[in-house]
Each structure stands twice: as C-alpha cells, then as structure tokens.
Amino acid sequence: MKAAMAGIAASKGREIQAVSPYLPQINSSTGYADSRQLGGSFGDSFTRSYTTTLSINQTIYDFGKTGNALDAARFSTRSSELDSDRIRQDVILNVKQAYFALLLAKKIVGVAQKTLEQAESHLHQATAFFQAGSKPRFDVTRAEVEVNSARLGLINAKNTVRIRSIALYNAMGSEPGAILEIEDVMSTPYALPSYDQVKEESLKIRPEMRKADADIDAARSKVKAAEAGFFPTLSATGSYNWVHGQSQTGPLFHGDLQDSWNAGIMLSLPLFEGGLTQGKVSEARANLLAIEAQRETLKHSILMEISQAYADIESAKVRIEVMESSLQKARENLFIAQGRYEAGVGPYIEVTDAQVSAINAETDHVQALYDYHLAAARLQKAISIPEQMYNAADTMSGKY
C-alpha cells in the first residue's frame with residue numbers, strides 16, 4: 001500500500017511536469033567574457049564584459065501537444081489511484097486467506113486433541129481388558145501405536161498453527177509475535193447475490209477495468225500529443241541583458257558597453273527530423289492497440305474469476321451438507337463400535353476403523369467450511385461489492 005501511494009505521488013509529479021509548458025519559462029544567467037581580435041583595420045581590438053541576462057519564453061500555441069500530454073498525465077494519475085484500489089483489495093484478500101488458514105489450523109488442532117483423548121481412553125480400556133484376561137496383548141500394543149500417532153498428529157497440528165500465525169502477521173504487514181487468538185467465523189454463512197446480478201456491474205466497478213479504461217484514455221491522449229509534433233509551435237521570447245565592460249579597437253576607439261534587450265514572436269515548424277515524429281506516433285498507436293487488447297483479455301479473466309468463485313462456493317456448500325451427514329453417521333458408528341468393544345462383543349480393530357472414519361469426516365467437514373469461506377472471500381474480491389452485502393445468512397435455508 002505504501003508503494004502504491006508512492007506511485008500515485010509520482011503520477012501527480014508527472015502531472016505537474018505536463019502543466020509546466022502552459023507557464024512562462026524564466027531563466028537567468030551571468031558570466032564574464034574576454035575576447036580579442038588581432039590585426040584589424042584600426043589595430044587589435046578586445047572586449048571585456050560582465051553580463052547578467054534574464055530571459056523569458058512563453059508557448060502560445062502548439063496544436064494540442066501540451067494539452068494532450070496533460071490529459072495523458074491526468075489519466076495516468078487516475079490509473080495509479082485505481083491500481084491502488086486493486087492492491088488494497090489484494091491485501092484484504094491475502095489477509096482473509098491467511099486468517100481462514102489459521103482458523104482451519106486451529107480447528108485441526110481441536111480435532112487432533114480430541115483424537116488423542118479418544119486414543120488414550122482406548123488404551124486404558126484395552127489395558128484393563130488385557131489385565132482382566134478378556135482381551136489379547138495385541139489390543140494394547142495397537143492402542144499404544146494409536147496414542148503415539150495421535151500425539152504426533154497433535155504436534156504437527158500445533159506447528160501448523162504457529163506457521164499460519166506467522167503467515168497472518170506477514171499478510172498484515174506486522175512483525176511476527178505471539179500466536180494470534182482469532183474469532184471463529186466459519187459457522188456464519190453468507191447471503192450472496194446471484195451471478196446475473198453482479199456480472200455486468202462487476203465489469204463497471206472492478207478497479208482493474210476502470211484502470212484499463214483510464215490507461216486507454218491516456219494512450220489516446222498520447223497519440224494526439226505525438227501527432228501534434230507534425231504541426232508548428234508558436235511562442236514568444238524576450239530577454240534583458242545587464243552589461244558592465246569595455247570595448248576597444250586600436251589605440252583610438254574605445255568605450256563602455258551598454259545594457260540591451262530583445263523581444264519577439266517565433267513560429268517553428270519541424271521540416272525534417274529523420275522520422276522521429278512518425279516513429280513516436282506509430283509507437284503511441286501500437287501502445288493504444290495493445291492496451292485495448294489487454295482490456296478485452298482482462299474482461300474475460302474477470303468473468304472467469306467470478307464464475308470460478310461461484311462454482312467453488314456451490315461445491316463447498318454441497319460438500320458441507322454431505323460432510324455434516326457423514327460426520328453424524330461416523331460419530332454414531334464410533335459410539336456403537338466403542339460400546340461393542342466395552343461390552344466385549346466387538347474387536348478392537350472395529351473401534352480404530354470407526355475412529356479413523358470419524359477423524360476423516362470431521363477433518364473434511366472443517367476443510368469444506370474453510371473452502372466455502374475462502375471462495376466467498378475470492379468472490380467478494382472478484383465482484384468488488386462491499387463487505388456488508390455478505391454478512392447476512394441465507395434467509396431461506398438458514399444454512400450454507
């Protein structure tokens with residue numbers, strides 16, 4: 001964002017430069033001169049002088065060269081401002097991605113912690129059954145492996161939280177500190193506008209499209225400014241010289257130098273420049289065609305980005321519904337398997353299989369929630385619609 005603001009300041013500086021030809025150009029100079037001519041008709045001659053000159057030059061008319069250059073500079077400033085808006089949206093999206101990634105990692109830690117607690121409970125049960133002689137040693141060793149695996153999973157999950165915290169600090173432009181405590185917003189669904197509602201509007205309000213339009217306007221002004229190079233320039237000039245010195249020719253003629261001034265109007269027309277102006281015009285026209293083509297490509301990219309975001313949201317919504325059902329059934333299976341094992345009528349492998357299914361279902365459910373919110377954040381950026389349009393739940397279903 002700081003770099004973008006500096007870019008805007010630089011564009012405004014170029015705008016000031018473009019205004020300068022409208023204003024008079026005033027210069028001053030001072031110097032000393034000593035000249036001699038040998039062997040003249042009256043003998044040697046010499047001149048010694050101190051001269052101070054104040055000159056002024058004012059462009060009167062240049063067939064739109066200055067005006068179009070100024071228009072191009074102003075459109076370029078507008079382009080820089082819109083690019084700053086794009087960068088702002090990119091920063092917001094990057095922070096949201098890092099935020100949701102950290103939230104996902106924290107939820108995975110919760111799943112891992114629950115898995116470890118279940119594994120330790122299974123180990124205690126298996127140990128008690130083995131000591132009572134009702135279950136084999138195999139159940140105990142298998143439960144010990146399950147506990148060690150769950151501990152490793154918890155360690156990895158906590159390390160992921162630390163890494164995602166650093167990533168979030170980095171996205172916010174802050175120095176990494178303690179692990180962030182963030183609000184759980186994954187349970188809040190969004191009310192999203194339809195694709196037809198936002199498709200055309202997005203092409204009008206997206207900073208990238210508006211920047212492309214400003215770039216096209218600037219390129220057209222540059223073409224006109226370059227074409228003005230074929231026409232003459234009318235300007236007014238004037239100067240005043242303060243002179244202190246002497247001039248002498250031979251032994252008889254000498255005297256003091258006097259102040260002088262001059263003023264005039266000049267019309268200059270480039271007759272031959274070796275194709276310089278023609279080359280500038282050709283370059284400006286080619287740049288205009290390139291920018292127009294880039295705008296068309298950008299338009300299709302934005303429409304594809306919006307369509308992809310909507311598709312990702314719909315996919316995530318369906319996955320959430322499916323995984324909610326799968327998670328409920330997986331938990332029921334785990335409860336049944338644990339009950340059968342505790343009653344001594346079910347094998348331990350049935351418990352471990354049910355636990356793996358429950359863990360996978362819960363992980364997939366959390367992942368689907370993350371994908372949904374990430375897709376919604378990308379859609380918001382894609383259609384450039386204010387945040388408040390997304391903070392309401394779906395009033396029809398009350399669900400994702």
Side-chain angles (χ1 to χ4, degrees), residues 99-168 176-187 316 319-373 399-400:
Y99 188 97
F100 291 133
L102 176 57
L103 194 53
L104 172 64
K106 285 178 174 288
K107 283 184 172 293
I108 295 299
V109 167
V111 174
Q113 183 66 50
K114 187 187 300 183
T115 301
L116 178 59
E117 292 173 358
Q118 291 176 348
E120 290 175 340
S121 175
H122 296 162
L123 176 58
H124 294 154
Q125 291 176 354
T127 301
F129 282 142
F130 172 71
Q131 292 175 348
S134 59
K135 295 290 182 180
R137 173 67 180 170
F138 173 79
D139 287 359
V140 176
T141 57
R142 188 179 181 90
E144 290 173 343
V145 171
E146 181 186 347
V147 168
N148 290 335
S149 178
R151 286 174 179 169
L152 180 60
L154 180 59
I155 292 171
N156 292 334
K158 289 182 176 179
N159 185 59
T160 301
V161 168
R162 286 191 288 269
I163 294 173
R164 297 285 170 80
S165 295
I166 295 172
L168 180 54
I179 295 177
L180 292 170
E181 292 299 327
I182 60 177
E183 181 183 0
D184 184 358
V185 296
M186 284 193 180
S187 59
R319 286 166 52 207
I320 290 173
E321 294 175 359
V322 171
M323 293 316 304
E324 284 178 347
S325 175
S326 298
L327 180 57
Q328 181 179 357
K329 295 182 183 305
R331 287 172 176 171
E332 290 177 359
N333 290 338
L334 178 60
F335 178 77
I336 294 172
Q338 288 176 335
R340 283 168 52 81
Y341 183 74
E342 291 172 0
V345 296
Y348 186 72
I349 191 171
E350 186 177 281
V351 176
T352 57
D353 289 344
Q355 183 175 7
V356 169
S357 297
I359 293 171
N360 290 338
E362 192 158 0
T363 301
D364 290 342
H365 180 252
V366 172
Q367 183 67 47
L369 289 173
Y370 166 77
D371 292 341
Y372 173 84
H373 283 269
K399 301 179 70 176
Y400 290 90

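- The two residues Arg151 and Leu116 have their closest heavy-atom pair at CG-CD1, 3.4 Å.
- With a 4.5 Å cut-off on side-chain heavy atoms, Gln125 and Gln338 do not count as touching.
- Among Lys107, Gln328, Met323, the single residue meeting the side chain to side chain contact (heavy atoms under 4.5 Å, CB included) criterion with His365 is Met323.
- Checked by atom type and distance alone, the side chain of Ser165 pairs as donor or acceptor with a backbone atom of Val161 at under 3.5 Å.
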side-chain contact (heavy atoms from CB on, under 4.5 Å) between Tyr372 and Ile320: does it pass, once the steps are laid out?
CA-CA 8 Å; Tyr372 173 84; Ile320 290 173; 3.8 Å; yes
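- Shortest non-hydrogen contact noted between Ala330 and Ala358 is CB-CA, 3.7 Å.
- The heavy-atom pair separating Val111 from Ile359 by the smallest distance is CG1-CG2, 4.3 Å.
- One distance of note links CG of Leu154 with NZ of Lys114; it measures 13.5 Å at 0.5 Å rounding.
- Side-chain contact between Ser149 and Leu152: absent, with no pair of heavy atoms (C-beta onward) separated by less than 4.5 Å.
- Nearest heavy-atom pair across Ala150 and Ala119 is CB-CB, 4.2 Å.
- Considering OG of Ser326 and CZ of Arg331, their distance stands at 11.5 Å, rounded to 0.5 Å.
- Between Ile166 and Pro176, the shortest heavy-atom contact is CG2-CG, 4.2 Å.
- Distance CD1/Ile336 to CG/Leu334: 10.0 Å, rounded to 0.5 Å.
- Using a 4.5 Å heavy-atom threshold, the side chains of Gln367 and Arg319 count as touching.
- Between the CG atom of Leu103 and the NE2 atom of His373 there is a distance of 8.0 Å, given to the nearest 0.5 Å.
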I'd like to know whether Phe100 forms a side-chain contact (heavy atoms from CB on, under 4.5 Å) with Leu369, so could you lay out the CA-CA distance, the side-chain angles of the two residues, the decisive distance to 0.1 Å, and finally the verdict.
CA-CA 10 Å; Phe100 291 133; Leu369 289 173; over 6 Å; no
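- In this structure, the side chains of Val351 and Arg340 stay at 4.5 Å or more apart for every pair of heavy atoms.
- Here CD of Glu332 is found 10.0 Å from CG of Leu327. Values are rounded to the nearest 0.5 Å.
- Side-chain atoms of Arg164 and Lys106, non-hydrogen and from C-beta on, never get closer than 4.5 Å to each other.
- Within the 3.5 Å criterion, the main-chain N or O of Ile155 finds no donor-acceptor partner in the side chain of Asn159.
- Between Tyr99 and Ile182, some side-chain heavy-atom pair lies under the 4.5 Å cut-off.
- Contact of the Thr160 side chain with the Ile108 side chain is not registered, since no non-hydrogen atoms from C-beta on lie closer than 4.5 Å.
- With hydrogens and angles left out, the side-chain atoms of Gln118 and Glu146 include no donor and acceptor closer than 3.5 Å.
- Taking the side chain as every heavy atom from C-beta outward, Arg142 and Ile349 approach each other to under 4.5 Å.
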